[in-house]
2 protein chains.
Amino acid sequence: MAIRQKTSRKAAATAAAIRRPRARATNGGAHAGDDIGLDALVGHAGYAVRRFQLWIFQDFIRTLATVDIRPTQYSVMTVIGANPGLSQMAVAKRLGIERARLVHLLDSLEERDFVSRIPSATDRRSHALHLTARGKTALGQFKRLAAEHERHVAEKIGKDNRERLLQILACFN
Amino acid sequence: MAIRQKTSRKAAATAAAIRRPRARATNGGAHAGDDIGLDALVGHAGYAVRRFQLWIFQDFIRTLATVDIRPTQYSVMTVIGANPGLSQMAVAKRLGIERARLVHLLDSLEERDFVSRIPSATDRRSHALHLTARGKTALGQFKRLAAEHERHVAEKIGKDNRERLLQILACFN
DNA sequence: AAAGATTGTTGTTGACGACAACAATTGATG
DNA sequence: CATCAATTGTTGTCGTCAACAACAATCTTT
C-alpha cells in the first residue's frame with residue numbers, strides 16, 4: 001500500500017492496517033455525499049458564521065468585480081468618506097483592522113487615486129485621510145453595487161431574517 | 001514634508017497640500033475615537049458578520065487553547081467522528097474546504113494521533129478516515145470545551161438571539 | 001531635557017481560500 | 001478489451017488576512 005506517496009505520509013497503516021469500513025462505506029453509496037450528518041457541528045455558531053461569511057464575501061467580490069473593490073477596501077473608503085480627516089489609527093481601530101494592514105490598503109487606494117493622505121496640521125506623525133474627488137464619485141458607484149449585493153443577501157436568507165441578523169450582530173459595531 | 005518615508009509613499013501631497021481639517025479634526029478631539037459613525041457601514045451584513053466571525057474565532061481559539069485545537073481542526077474531527085470511514089473528498093465537500101487544504105489538516109491531526117488514514121478496501125485511490133482511540137477521547141474533551149465556548153457566544157449576543165442566528169444561517173449547512 | 005507613549009511603516013509568521021498541475025486509480029465508451 | 005474521461009489524494013504557488021515584533025519620527029508628560 002501507499003505506493004503513490006513520495007516520501008511523506010508517516011506509517012499511518014502500520015498497526016490496524018485492515019479495518020472494516022464501518023456502517024457507511026468510504027463513498028460510492030446511494031447518496032451523492034450531501035447528507036452526511038454533521039451532528040454536533042450544526043449548533044455551533046462559529047461554523048454557521050464561517051459558511052455565511054464565505055458566501056457573503058464571495059458574493060460581494062463578485063458583485064463589485066467590475067470596479068475591483070473588495071469588502072475591506074469598501075469599508076475603509078466608506079469610513080473615510082463619512083469622516084474626512086481621520087487618522088490611520090482611528091480608521092484602523094474603528095474597523096477592527098491592524099494599522100499595519102491599513103498601510104497596504106491605503107497604498108493601493110492611493111495608487112488608484114481614491115484616497116489621499118494629507119499630512120496633519122496638528123500632528124506631524126499622522127495623516128489626515130480624505131477621499132479624492134475621483135474617490136467620492138467612485139464611492140457612490142460602489143455603494144450602489146453594495147446595495148445590490150445586500151439585496152442578494154436578502155434573497156438568500158430572507159428580507160426579515162437579514163434585518164434580524166443585523167440587529168443581533170449590532171453589538172459588534 | 002514626508003521626510004520619514006524611505007522611498008515609497010507617492011507624492012500624495014503634491015496638489016491640495018493644505019486643507020482645513022473639516023468638521024472633525026484629525027483626532028485628539030474630545031472623544032477617544034469610539035464614536036466615529038460608520039453611516040452606510042452599519043446595515044451591511046458582511047461587515048457585521050466579519051466582526052462577529054473575528055470575535056467568535058478568537059474566543060474559540062482562546063477557549064480551546066489548552067488543547068491547541070483550532071476551529072477548522074475541530075470541525076474535521078467532528079465530522080469524521082460522526083461519520084467514520086469518510087473519504088477526504090467527502091469531508092472536504094461537506095465542510096466546504098478544499099481537498100488540497102484538508103491534506104495538511106489531516107497531516108497535523110495524524111501526527112498528533114487523533115486521526116488515521118486507512119486505505120479504502122473498495123477504492124485504492126481514497127482513504128477511509130477514522131478517529132484513533134486517542135482521537136475519540138480527545139474529541140470528547142474538545143466538545144466540552146466547545147460547549148463552553150458556545151456559552152460565551154450566548155452570553156455575548158443572548159441565548160435566544162443565538163438560537164435565532166443558528167436558525168437563520170441553517171441554510172448554509 | 002529625559003522618559004514614555006503614539007503613529008506610520010516594514011517585515012515575518014501562520015492560517016486560509018483559490019487554482020493549477022500531477023500520478024494513481026476508477027469508470028465509462030467505443 | 002483498449003482507450004479516454006473523471007476522480008482522488010497530493011504538491012505547489014499565489015493572494016488575502018490576522019497577529020506580532022521592531023523601528024524612526026514625533027508627541028506628551030514629568
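These values consider heavy atoms only, across backbone and side chains, with no hydrogens, waters or symmetry-generated copies.
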What's the verdict on ring-ring contact (aromatic ring centres under 6.0 Å, His included) for B:Phe114 and B:Phe142, showing C-alpha distance, side-chain angles and the deciding distance?
-> CA-CA 12 Å; B:Phe114 288 153; B:Phe142 301 164; 5.7 Å; yes
note: A:Ile69, atom CD1; D:dT16, atom C1'; distance rounded to Å ~ 15 Å
Residue A:Asp123, side-chain heavy atoms: nucleotide from C:dA18, D:dT26, D:dT10 that is nearest | D:dT26
Spacing of B:His127 atom NE2 relative to D:dT8 atom C1', expressed in whole Å | 9 Å
So what does B:Leu54 hit on the nucleic acid, given a heavy-atom distance under 4.0 Å: a base, only sugar-phosphate, or nothing?
-> sugar-phosphate
Quickly work out the B:His104 NE2 to D:dG9 P distance and round it to whole Å.
-> 14 Å
Figure out the CG/P separation between B:Leu106 and D:dG9, and round it to whole Å.
-> 9 Å
Judged by nearest nucleotide, the residue sitting upstream toward the 5' end of DNA chain D, A:Ala100 or A:Thr72, is A:Thr72
Side-chain donor-acceptor pair present, A:Tyr47, A:Arg51, cut-off under 3.5 Å = yes
Dump the intermediate steps for ring-ring contact (aromatic ring centres under 6.0 Å, His included) on A:His152 and A:Phe60, then the final yes or no.
-> CA-CA 9 Å; A:His152 298 169; A:Phe60 187 100; over 10 Å; no
Check whether any side-chain N or O of A:Gln88 sits under 4.0 Å from OP1 or OP2 of C:dT9, and answer yes or no.
-> yes
Grab the CD1-C1' distance between A:Ile61 and C:dC16 for me, whole Å please.
-> 13 Å
Measure distances between side-chain N and O atoms of A:Arg125 and base N and O atoms of C:dG8, and say whether any donor-acceptor pair falls under 3.5 Å.
-> no
Does a sphere of radius 6.0 Å around CD in A:Glu148 hold more than 12 heavy atoms from other residues, nucleotides or ligands, not counting ones at 6.0 Å or beyond?
-> yes
Heavy-atom donor-acceptor pair, B:Arg101 side-chain to C:dG17 base, under 3.5 Å = no
Starting at the 5' end of DNA chain C, which residue's closest nucleotide do you reach first, B:Arg99 or B:Gln73?
-> B:Gln73
Closest nucleotide among D:dG9, C:dA18, D:dA19 to the A:Gln58 side chain = C:dA18
Atom CD of B:Gln53 and atom P of D:dC17 are separated, to the nearest Å, by 13 Å
Selection from C:dG8, D:dA18, D:dG9 that lies nearest to any side-chain heavy atom of B:Arg50 | D:dA18
Atom CZ of B:Arg94 and atom C1' of D:dT8: how far apart are they, to the nearest Å?
-> 20 Å
How about B:Thr137 and B:Gln141: do any of their side-chain heavy atoms sit closer than 4.5 Å?
-> no
From CD of B:Glu98 across to C1' of C:dA21 the rounded distance in Å is 13 Å
Under 4.0 angstrom between B:Arg124 side-chain N/O and D:dG9 OP1 or OP2 = no
